Structures are given as structure tokens and as C-alpha cells.
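The next block holds one structure in the form of C-alpha cells; read it before the comments.
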Amino acid sequence: MTRGYNPWVTRVGLLLMTILVGFPVYFMVTVSLKQPRDIYREPSLLPSNATLDNYVQLFQAGFMQNVLNSFWVAAGTTVISLILGVLAAYAIVRLRFPGQAAVSKLILMSYLTPLILLFIPLSVVIQQLNLGDSLLGIGIVYLAFTVPLSAWFLLGFFRGLSPEMEEAAFLDGADLRQTLQHIVIPVSAPGIATAAILTFTMAWSELFLALVFLTSPGTQTIPVALQNIIKGDVQNYGLVMAGAIVATIPVLILYYLTQRWVVQGVAAGATKG
Amino acid sequence: MTKAVGGAFPAPPAPETKAHAMTKPVLTEAPVIRRPTAVRPRTKRPAEPHKPGERSRVGLFFVAPLVLILLALVGFPTVASLWYSFTNVTVGSPGTFVGLANYIALFGDQAFIDAVSNLVLIIGVSLLIKFLLGLTVASLLNRPMRARGIWRAIVILPWAMPGFVAFMGWKLMFESRAGALNQVLGWFHLHVDFLASPELARMSVVMATVWRGFPFWVIGILAAMQTIPKELYEAAEMDGAGPWRRFTNITWPGIRATVSVVAVLSAIWTTNGFENVWLITQGGPSSATMTFPVLSYLDLTNFQLGSASAAAMITLPLFVLLILWLGRTGGKEYK
């Protein structure tokens with residue numbers, strides 16, 4: 001096991017890696033804790049005069065509305081994507097029907113289709129449906145990437161699941177609905193939870209489509225609201241970083257809860273990078 | 001719950017288990033089985049709960065909502081985009097067919113030229129550095145160490161956080177006065193305006209893009225490395241193979257398949273990336289860091305749907321090539 005590995009090379013390597021990853025994150029946190037004047041007049045890498053003012057100011061300016069917008073859009077698209085994804089992925093892996101391979105291919109193609117190919121016609125259609133600048137409208141548009149994402153992840157997950165339990169249930173006389181409800185869904189709970197978290201965080205963090213579709217302050221999600229602060233005349237980075245950290249914390253908690261499954265999915269290309 | 005043995009196994013007789021019902025003669029012992037198809041001796045597929053006709057209907061019923069949604073939200077817009085790119089459609093007017101006019105106008109646009117060269121200067125360079133950095137860090141994390149899980153969790157951080165947070169953070173890092181990089185450079189009495197010149201702006205976008213995306217490569221390559229048996233390295237070492245020989249003869253063959261999948265996926269997403277450029281330079285200075293997604297978005301904000309579609313469509317052949325390559329190299333999952 002110890003063939004020629006110098007532990008100091010490992011240690012120095014890990015230190016450099018931690019600095020590379022950690023320094024920008026550390027800096028973002030310190031800036032979120034500073035007054036605007038401290039950020040520019042006395043730049044410092046240390047969190048001198050640390051204060052939570054930015055966070056307070058952000059929520060006083062109505063940031064909660066943006067958080068809720070992001071939450072509802074992400075939660076709604078996640079629920080729909082999971083229902084469609086579980087049904088379709090289960091059918092493709094376990095049942096037999098004509099066009100099975102074509103559906104599987106359709107999911108992969110949709111998953112790989114760049115959003116820039118889709119957003120212009122979608123914006124026209126959403127306008128015509130009078131859903132422009134609405135959470136319902138953006139939620140529908142998000143299904144274009146959340147449905148393929150969850151279906152593709154669940155396809156991979158179900159393929160790795162042994163069919164023995166389901167067979168036993170069928171032999172015991174359970175019908176398809178009972179088997180799904182009492183066997184498949186409980187057994188695949190970790191996979192479904194991971195698909196849910198991936199879908200949720202993708203929708204929660206999405207900027208490009210939100211920028212196109214959400215224009216008024218009342219409908220804007222977190223990324224749009226923060227990019228509007230950055231693009232404003234006064235670039236208040238303290239405020240932006242406070243908002244960015246508020247947006248990041250739930251994502252990281254969810255992410256590390258399911259890290260094991262996400263990491264396994266990466267090798268199969270099941271998650272976006 | 002009785003543990004049933006899958007039909008794939010030849011199932012030697014074991015009188016007490018219900019699994020045994022699956023071999024022909026003991027059928028009478030299993031009164032709970034209602035469907036005759038369930039006890040048909042099976043050779044190929046496990047779990048066949050329904051008759052063929054029934055199965056077809058159920059399967060179709062299960063995938064129908066997803067298929068409809070994908071056709072409406074992915075299939076239709078792709079075709080419509082292609083059509084738009086040949087028309088002078090604007091917001092509120094369906095427009096008329098103008099042939100290749102949008103594409104011809106695009107070819108004469110400096111922003112387009114920059115977007116093409118940035119496919120190499122930004123996208124290509126980012127991918128290359130992500131690969132090298134990913135390989136290096138994966139090799140590091142593959143060394144014997146305590147608490148590998150914690151180190152892997154650390155390295156995932158840039159990729160786990162929302163993309164817009166990462167790129168807003170890097171915009172701040174590059175700030176002329178308040179930015180962290182210039183504060184560090186200030187210790188050596190240096191100062192760099194990272195986003196002012198075309199070359200530096202490109203380099204800055206590359207740096208941020210790499211930081212955000214390299215953990216994806218690390219995880220993929222590390223997972224592949226850990227499937228390589230350690231004995232291979234020990235044997236090679238005993239045969240006197242140096243580090244480079246061990247890499248080219250053992251490590252690389254073991255990770256090559258994963259690397260090609262990761263490379264294609266990363267290429268697709270990096271080419272498709274919007275936030276990295278939009279949040280840091282918005283394509284500037286002038287159009288030095290322009291990429292196709294940003295170009296398309298800027299056209300849309302000018303209500304030029306036709307040329308916005310052309311700018312989006314122009315990368316389609318590239319994606320088709322990448323996806324075909326994925327099908328060739330990525331194993332059966334991607335075929």
C-alpha cells in the first residue's frame with residue numbers, strides 16, 4: 001500500500017487544492033460581512049468590522065419575495081419532473097412497449113439539447129399564452145430541462161436496481177400499482193431523493209431563462225434579482241454576496257446529503273457540470 | 001417477504017422457497033399466483049406481470065406524459081428555432097422567409113467572429129485545463145490518505161454551489177480595487193485590470209470557468225481510477241515500469257472511457273454556458289469574450305428573434321457531432 005508515496009507530496013497537494021477551492025469561497029463570505037465603504041476604501045482579505053448589515057438590508061429590501069419565487073418554481077418543477085420521470089424510467093427499464101428505445105433516446109437527446117436552441121420559440125409561445133413574466137410560465141419552461149434531467153438520472157438508477165423484490169411482489173399477486181407504491185418507490189427512495197435534489201437545485205440556480213422570462217421585481221427569482229444588483233450603477237457587492245450565500249446554503253446542505261449518489265451518477269454522466 | 005430467485009438463474013430445486021414456483025412442476029404449490037404469465041418459465045426478461053398486449057398499453061401510458069412534454073418543450077422549439085433562423089420574425093410579428101440572410105449578416109458581424117474564435121480560445125482552453133487539473137487532482141485524491149471522503153467533499157464545492165454564485169464571486173475576485181486577486185498582487189506592488197484587455201478578459205473567463213467545472217472531471221476520473229486493481233501497479237513496478245509507463249499502460253487505459261464521456265458532456269455544457277461570460281464580462285470588452293449563448297441572448301434583447309435563432313442554430317452541428325461521438329465512445333447508455 002505504501003509503494004513509494006511520499007506523504008508530503010500528498011499533504012502539499014491537498015493544501016494547494018484546498019486553497020484553490022477555498023480562497024474564492026472565503027473571500028465571498030468575508031465580503032458579504034462588510035459595509036460597502038470597507039469593501040472599496042479599505043480592501044482587506046480579512047473580515048474586518050464584520051457585520052450582518054448586508055443580510056438585514058437585503059431582506060428589508062424584499063429579498064424574501066425572490067427566495068419564495070425561486071422556491072415555488074423549483075419545488076413545482078421538481079414534483080412534476082419526478083412524477084413524469086419515475087413513471088417513464090420505470091416503464092423503460094421494466095415494462096415492454098413499442099417505441100421503448102425511441103423514448104429512451106428522446107430523453108437522452110432532450111437532456112443534451114442546449115437551452116439556447118429552445119428559449120426563443122418558448123418565449124414566443126409563453127407570451128401568446130399570456131404567461132410571460134409569471135412563475136407559472138417560467139415553471140413550464142423549466143420542465144424543458146428538469147424533466148429530461150430527472151428521467152435520465154432515474155433511468156440509470158432503475159437499471160442498477162435488482163428486479164427480485166418486484167418479481168416476488170408480482171408472484172404474491174400484487175398488481176402494477178401496488179408494486180410501484182409498496183416496492184419500487186420505497187426501494188428507490190435514495191435515487192428519487194437524489195433526482196429531486198438535482199432537479200430542485202438546477203431550477204433554483206437557473207439564470208439564463210429566468211433573465212429572459214422574468215422581468216418585473218415581483219416575479220424575479222434569486223439569480224435575476226442578484227444580477228440586477230450587480231449590473232446596477234452602484235455595484236454593492238456586499239449585498240450581492242450576502243444574497244449569493246443565502247442562495248447557496250440550502251443547495252449545499254441538500255447536495256452533501258446525497259453526495260454519495262450524485263458522485264455515482266457523475267461517472268454515468270447523470271448530472272450537469 | 002419471500003425472496004424470489006430471479007428467472008435468469010437455472011434455479012436448482014429447493015423445496016421450501018416460493019421461488020421454486022417458477023420452475024414448472026411445482027405450480028400447484030403456489031395458489032397465490034393468479035396470472036398464468038407470471039409462472040411461465042422465463043429465459044430472457046424477469047418480472048412480466050402482464051400479458052403482452054396489456055404491457056404495451058401500460059408502458060405507453062406511463063411514458064406518454066413525458067413524451068408529450070418533451071415534444072412540446074424540446075422537440076417543437078428546436079424545429080421552430082431552425083425555422084425562425086430563416087425568417088425576419090420579431091416580437092409581435094411572425095415575419096417572412098428570408099433565406100440565409102440572418103446567417104450572412106451573422107458572418108459579417110465582429111461579435112460572431114469573436115464567438116467562433118472563442119470556441120477555441122475560451123471553450124477549448126477551458127476544457128483542456130479542466131482535463132489537466134482534473135487528472136492531477138484525481139491522481140492526488142487517489143493516493144493513500146485518511147478521510148478521502150472529506151477531501152472529495154471539499155473539491156466538489158465549486159461545482160456543488162449554484163453556477164451564478166460561483167461566477168458572481170469570480171467577478172468580485174477580478175475587481176480592480178476590491179478584488180481579492182489584486183489585493184494579493186498588491187503585496188508584490190502589482191496591479192492587473194483583469195477585465196480591461198481582451199486577452200486578460202478571456203483568461204479571466206477561462207479561470208472562472210475552470211474553477212467552476214473541474215470538480216466534475218475530478219469526480220469522474222477519480223471514480224474510474226478507483227476501479228483499477230492496485231495489483232496492476234504493483235506488478236508493473238516490480239517489472240521496473242516508471243511513473244510515466246504506469247500511467248500510459250495502466251491508468252490511462254483504465255480511465256479513457258470515462259474521460260471521453262466526461263469530456264463530451266463538459267464540452268456540451270461549457271459551449272452552452274451563459275453565466276460564465278454573462279456575469280463576468282457580458283461578452284466584453286467590445287466582443288472579445290463573446291460566446292454563442294451570450295450573442296443569442298443579446299440579439300433577443302434587441303428583439304431580433306431571427307438573428308438570435310441563427311446565432312443559436314449555428315452551434316447545432318457542433319452539438320450533433322459531440323452527441324454522435326458520445327454515442328461512439330460512451331458505451332451503450334448513450335446509444
Side-chain angles (χ1 to χ4, degrees), chain A residues 1 3 5 10 13-14 17-18 21 24 27-28 39-40 43 45 84 87-88 91 94-98 103 106 110 112-114 116-118 120-122 143-144 147 151 163-164 166-168 170-173 176 205 207-208 223 230 237 240 244 247-248 251-252 255 263 266-267 269 272-273, chain B residues 2 4 6 32-34 38 46-47 49 55-56 59-60 62-63 65-66 69-70 73-74 77-78 80-81 137 140 143-145 151 154-155 157-158 160-165 168-169 172-173 178 180 183 213 216 219-220 223 258 261 265-266 268-269 272 274-275 293 296 305 308-309 312 323:
Chain A
M1 198 62 239
R3 44 164 194 103
Y5 278 121
T10 312
L14 290 175
M17 181 192 90
T18 306
V21 167
F27 186 63
M28 288 159 67
I39 295 173
Y40 282 97
L45 295 178
L84 298 183
L87 288 177
R94 289 281 195 270
L95 306 178
R96 265 199 279 172
F97 57 91
V103 177
L106 175 72
S110 309
L112 295 174
T113 301
I116 60 164
L117 290 182
L118 312 179
I120 298 165
L122 287 176
L143 294 178
V147 170
E164 285 180 9
E166 291 151 53
E167 274 177 52
F170 283 129
L171 288 174
D172 287 345
L176 193 53
S205 317
L207 171 67
F208 175 59
I230 257 192
Y237 275 108
V240 171
T248 304
V251 170
L252 290 186
Y255 197 89
V263 166
V266 167
K272 296 216 171 192
Chain B
T2 323
V32 286
I33 298 169
R34 295 196 202 102
R55 245 182 295 128
S56 304
L60 285 175
F62 273 26
V63 296
L66 172 126
I69 291 264
L70 292 186
L73 291 176
V74 181
T78 308
S81 266
V137 176
L140 172 69
R143 294 166 75 92
M145 66 176 65
W151 295 108
I154 289 174
V155 87
L157 188 60
M161 65 168 57
F164 78 91
V165 172
M168 283 176 180
L172 173 65
M173 295 282 288
Q183 291 186 43
F216 177 69
I219 301 162
T258 306
V261 174
L265 294 176
S266 186
I268 291 174
W269 297 322
N272 191 26
F274 171 78
E275 293 160 355
S296 184
L305 302 192
S309 300
I323 290 170

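Proteins come first, then strands; the chains are lettered A, B, ... in the order of their sequence lines, and each starts at number 1. Owing to the predicted nature of the structure, the values given are computational and were not obtained by experimental measurement.
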Using a 3.5 Å distance criterion without hydrogens, assess whether the side chain of B/Ser81 forms a donor-acceptor pair with backbone atoms of A/Leu117. yes
Looking at B/Ala160, B/Ala80, B/Gly169, which one has more heavy-atom pairs under 4.5 Å with chain A than the rest? B/Ala160
Please examine the side chains of B/Leu172 and A/Phe27, heavy atoms only from C-beta on, and report whether any two atoms are closer than 4.5 Å. yes
Need one label for A/Leu252: side chain, backbone, both or neither, based on atoms under 4.5 Å from any heavy atom in chain B. side chain
So for A/Phe208, is it side chain, backbone, both, or neither that comes closer than 4.5 Å to the heavy atoms of chain B? both
If we define contacts as heavy-atom pairs under 4.5 Å, which of A/Leu84, A/Val147, A/Thr18 has the most with chain B? A/Leu84
Could you tell me whether the side chain of B/Phe62 reaches within less than 4.5 Å of the side chain of A/Leu176, counting heavy atoms only? yes
Minimum heavy-atom separation for B/Pro144 and A/Thr10, please, with both atom names. O-CG2, 4.4 Å
Give, for atom CD1 of A/Ile120 and atom OG of B/Ser309, the distance between the pair rounded to the nearest 0.5 Å. 3.5 Å
side-chain hydrogen bond (donor to acceptor under 3.5 Å, both in side chains) involving B/Thr78 - partner list, sequence neighbours excluded: none
Among B/Glu275, B/Met145, B/Met168, single out the residue with the greatest number of heavy-atom pairs under 4.5 Å to chain A. B/Met168
Distance, nearest 0.5 Å, that separates CG of A/Leu106 from CG of B/Leu66: 7.0 Å
Student check: side-chain heavy atoms of B/Leu70 and A/Val103 closer than 4.5 Å: no
Tightest non-hydrogen contact, residues A/Ala91 and B/Val63, listed as CB-CG1, 3.9 Å
Do you know the tightest heavy-atom contact between B/Ala312 and A/Ile116? CB-O, 3.2 Å
Name the region of B/Val155, side chain, backbone, both or neither, that has any atom closer than 4.5 Å to a heavy atom of chain A. both
Tell me, for A/Val21 versus chain B, whether the close heavy atoms (under 4.5 Å) come from the side chain, the backbone, both or neither. both
Just wondering, do A/Leu118 and B/Val74 contact through their side chains at under 4.5 Å, heavy atoms? yes
In the structure I gave you, are the side-chain heavy atoms of A/Leu112 and B/Leu265 within less than 4.5 Å of one another anywhere? yes
Most contacts with chain B, counted as non-hydrogen pairs under 4.5 angstrom, among A/Ala144, A/Ala244, A/Pro114: A/Pro114
With a 4.5 angstrom heavy-atom cut-off, which part of B/Ile268 approaches chain A: side chain, backbone, both or neither? side chain
Quick one: pull up CG in A/Leu14 and CH2 in B/Trp151 and give me the separation to the nearest 0.5 Å. 5.0 Å
Counting C-beta onward and ignoring hydrogens, is there a side-chain heavy-atom pair between A/Ser205 and B/Val165 closer than 4.5 Å? no
